[in-house]
Amino acid sequence: MKSIGSLAMAPALLLLTGPAAGVQTVQSAGNPILADGRYYTTDPAPVVDGDTLYILAGRDEAPDGVNDFIMNEWQLLSTQDPASRRWRHDPGIVRPERLFAWASPGRAYAGQIVKARNGRFYFYAPVEERNSDARDRFAIGVAVSDSPRGPWKDAHPAGPIISQRVPENNDIQNIDPTVLVDEDGRVFIYWGTFGRLRGMELAPDMVSAKGPEQVIEGLTGFFEAPWIMKRKGVYYMLYAGNNAGPDSPCTPALYHACQAYGTATSPLGPWTYRGVVLKPVSSTTSHAGAVEFKGKWYITYHTADAKGGGHFRRSVAIDRLEWDDSVTPAAIRPVVPTIAPRAAPRPGRNIAPAATPTAGPDALPTQFWLKSLNDGIIRAAPLPPDMWSSWRGKDNPATPWIEYRWPAPVTLNGSRIRFFADQPAGAGEGVAPPASWRLEYWDRGWKPVRGAGPYGTSADTWQTVAFPRVTTRCLRAQFVASKGAGVGVQEWEALAPQATVPPPAPKTAAPPCDRP
């Protein structure tokens, strides 16, 4: 996938401009668009008006280490040329309680702005209904404006247009609306999460239900974040997929998601699954929107790649979206996400990033992510995909292990490991520090690393093990679990005797050490 722009490696520059309070002109260095950590942007929804591409985004405000979607307002990014990397940032364009008199503050989740045939803009926003007696108070309201920048006014003051009570009873969480205004003037809205997707036709007034709610099926692995679009007479639905497993084309880890898509020849289906557009990114959630702008297609999505970023501090990125018209219907080519150039890593002893991680003796549970072992990321409040763990609910292995395989022999004289635990030492449930552990290396069979120690087991701190030099292609950490509890590891380092520039990650998996 093509990168947009090729500006020199430089930090993003923020310049105050214009009369609106807080409006900034941003010269971005690449993805994510806003990368310095002052504003986090999430759940992007692009919309085009004339010569300008706008991206509606929520704002993540969770403090570091807080695992919750703290989102109080929406903001706007806009540009006349994505390749220029020059953006206008309108922060805080509206808040839920100021948009709708019936809404509670906070929970400014993923919405979308669309341009109607009457030339006005309609903002479909999922918010919490303040006085609702529904089991789940999320509802979708609609605001209207003459500009994507607002000011916005409630287009349906009587209340939400979709909830668990209107226009008909449902029992799903009513969020993530996406809307299509078709060439014939018909309007369709889709919404849903947690594997349940609904669709419905709206009247030309953009707020009234014209048809009944329909269950949308056929989109393999649908989890949330639908995005409807149309190209050359074919309807396309992007969505966050979550059909996890070791052989899944989407994601190996349950908490991660990919961006998959399906097609249909009519707005409400039937839908046919077509594949994966974007593999899991650095944030657990995946939310995308795509649009054609000045003859080119772009996909917007969010990641955890900004300074101080995380799963609840996400930031919007944009890349080209390309099509394969040699097949019918045209296929969306897989997107390779781009990222702004980073400073060269400092020399260090850790050569684990150049290894292929694996684990045993049983298959990796889908709650966890093997790649987290050597990704170099330590989080204050990790989620399951931020670690490897042997926990699988019951019948946890008594002697699990993790292993690094290098494509060629390496010399080591130390290791550091950071255990995760949600139970105290000696516990027989959940994830607890191991009762003990040791290092082994491959030399025509697995052998103990002699002279190694100490083997500390406390969680949430580095446990450093030193030993005389060994040269090997494979290193293994062998654990004895605590009374049947799981073992958890956030990060595991393999230390060379001298500091070097960190080697790159292998492009292909290194073979087991019992193979030449």
Side-chain angles (χ1 to χ4, degrees), residues 43 45 47 56 58 69 71 74 94-116 120-145 152-182 186-217 219 222-229 235 237-240 267-269 271 287 289:
D43 299 332
V47 60
L56 173 72
F69 296 109
M71 305 172 68
W74 291 278
V94 72
R95 300 168 73 94
E97 72 278 15
R98 296 175 185 172
L99 190 61
F100 306 116
W102 46 267
S104 299
R107 302 302 185 190
Y109 280 15
Q112 184 180 356
I113 297 170
V114 296
K115 188 174 185 178
R120 307 194 78 191
F121 294 87
Y122 290 80
F123 178 17
Y124 295 82
V127 297
E128 286 191 324
E129 196 174 1
R130 187 174 60 250
N131 296 320
S132 173
D133 59 359
R135 182 181 57 84
D136 189 296
R137 294 189 298 117
F138 267 109
I140 297 170
V142 187
V144 64
S145 173
W152 294 97
K153 180 182 179 181
D154 191 346
H156 192 256
I161 66 165
I162 295 171
S163 72
Q164 289 191 336
R165 294 182 286 107
V166 297
E168 58 188 74
N169 292 335
N170 72 42
D171 61 355
I172 73 169
Q173 188 172 84
N174 297 284
I175 64 171
D176 291 357
T178 181
V179 175
L180 173 73
V181 179
D182 215 341
R186 298 174 71 189
V187 183
F188 297 88
I189 185 169
Y190 311 78
W191 71 97
T193 186
F194 298 120
R196 305 173 72 184
L197 180 59
R198 297 289 186 271
M200 180 175 67
E201 185 172 359
L202 293 177
D205 66 4
M206 306 292 287
V207 298
S208 303
K210 185 176 181 180
E213 296 182 11
Q214 297 187 29
V215 175
I216 304 297
E217 297 178 325
L219 300 173
F222 172 82
F223 182 67
E224 62 182 356
W227 180 268
I228 184 69
M229 56 190 183
Y235 299 88
M237 185 78 77
L238 298 176
Y239 60 93
L268 294 173
W271 289 89
H287 197 110

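All values reported here derive from a predicted model rather than from experimental measurement.
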Non-hydrogen atoms of E97 and G106 that approach each other most closely: OE1-N, 4.2 Å
Could you walk me through whether W191 and M200 pass the side-chain contact (heavy atoms from CB on, under 4.5 Å) test, one step at a time? CA-CA 9 Å; W191 71 97; M200 180 175 67; 3.9 Å; yes
Under 6.0 Å between the ring centres of Y109 and F138? yes
If you count every heavy atom of other residues, nucleotides or ligands that lies below 6.0 Å from R120 atom CZ, does the total exceed 12? yes
At what distance, to the nearest 0.5 angstrom, does CD1 of I216 lie from CE of M237? 6.0 Å
Classify the ring geometry of Y124 against Y122: parallel below 30°, tilted from 30° to 60°, perpendicular beyond 60°. tilted
Run the numbers on V215 and R198 for side-chain contact (heavy atoms from CB on, under 4.5 Å), then give the verdict. CA-CA 5 Å; V215 175; R198 297 289 186 271; 3.6 Å; yes
Indicate yes or no for a side-chain donor-acceptor contact from S132 to the backbone of R137 under 3.5 Å, with no hydrogens or angles considered. no
Does D205 have any side chain to side chain donor-acceptor pair (under 3.5 Å) partners at least two apart in sequence or in another chain, and if so, which? S208
Does some side-chain heavy atom of P177 sit less than 4.5 Å from a side-chain heavy atom of P126? yes
G141 versus F100, closest heavy-atom pair with distance: C-CZ, 3.5 Å
Set out, in order, the CA-CA distance, both residues' side-chain angles and the distance that settles side-chain contact (heavy atoms from CB on, under 4.5 Å) for I228 and F188, then state yes or no. CA-CA 9 Å; I228 184 69; F188 297 88; over 6 Å; no
Grab the two heavy atoms, one from F194 and one from Q173, that are nearest each other, plus how far apart they are. CE1-OE1, 3.6 Å
F121 CZ to W152 CH2 distance, which is reported to the nearest 0.5 Å: 7.5 Å
Could you grab the distance from atom OH of Y239 to atom CG of D176, nearest 0.5 Å is fine? 14.5 Å
Out of curiosity, L197 CG to L219 CG, how far, rounded to the nearest 0.5 Å? 6.5 Å
Are K210 and V187 side-chain neighbours, meaning at least one heavy-atom pair lies under 4.5 Å? no
Any side-chain heavy-atom pair from F123 and W74 closer than 4.5 angstrom? yes
Closest approach of G58 and M71, non-hydrogen atoms and distance? CA-CE, 4.3 Å
Student check: side-chain heavy atoms of P167 and I162 closer than 4.5 Å: yes
Identify the two heavy atoms, one from R130 and one from A103, that lie closest to each other, and give their separation to 0.1 Å. NH1-O, 3.3 Å
Rounded to the nearest 0.5 Å, the CZ atom of F69 sits from the CZ atom of R107 at a distance of 8.5 Å
Residues that Q164 engages under side chain to side chain contact (heavy atoms under 4.5 Å, CB included), provided they are two or more places apart: A134, R135, D136, N170, N174
In this structure, OG1 of T178 is separated from OH of Y190 (nearest 0.5 Å) by 8.5 Å
All heavy atoms of V179 vs all of V114, minimum pair found to be O-CG1, 3.6 Å
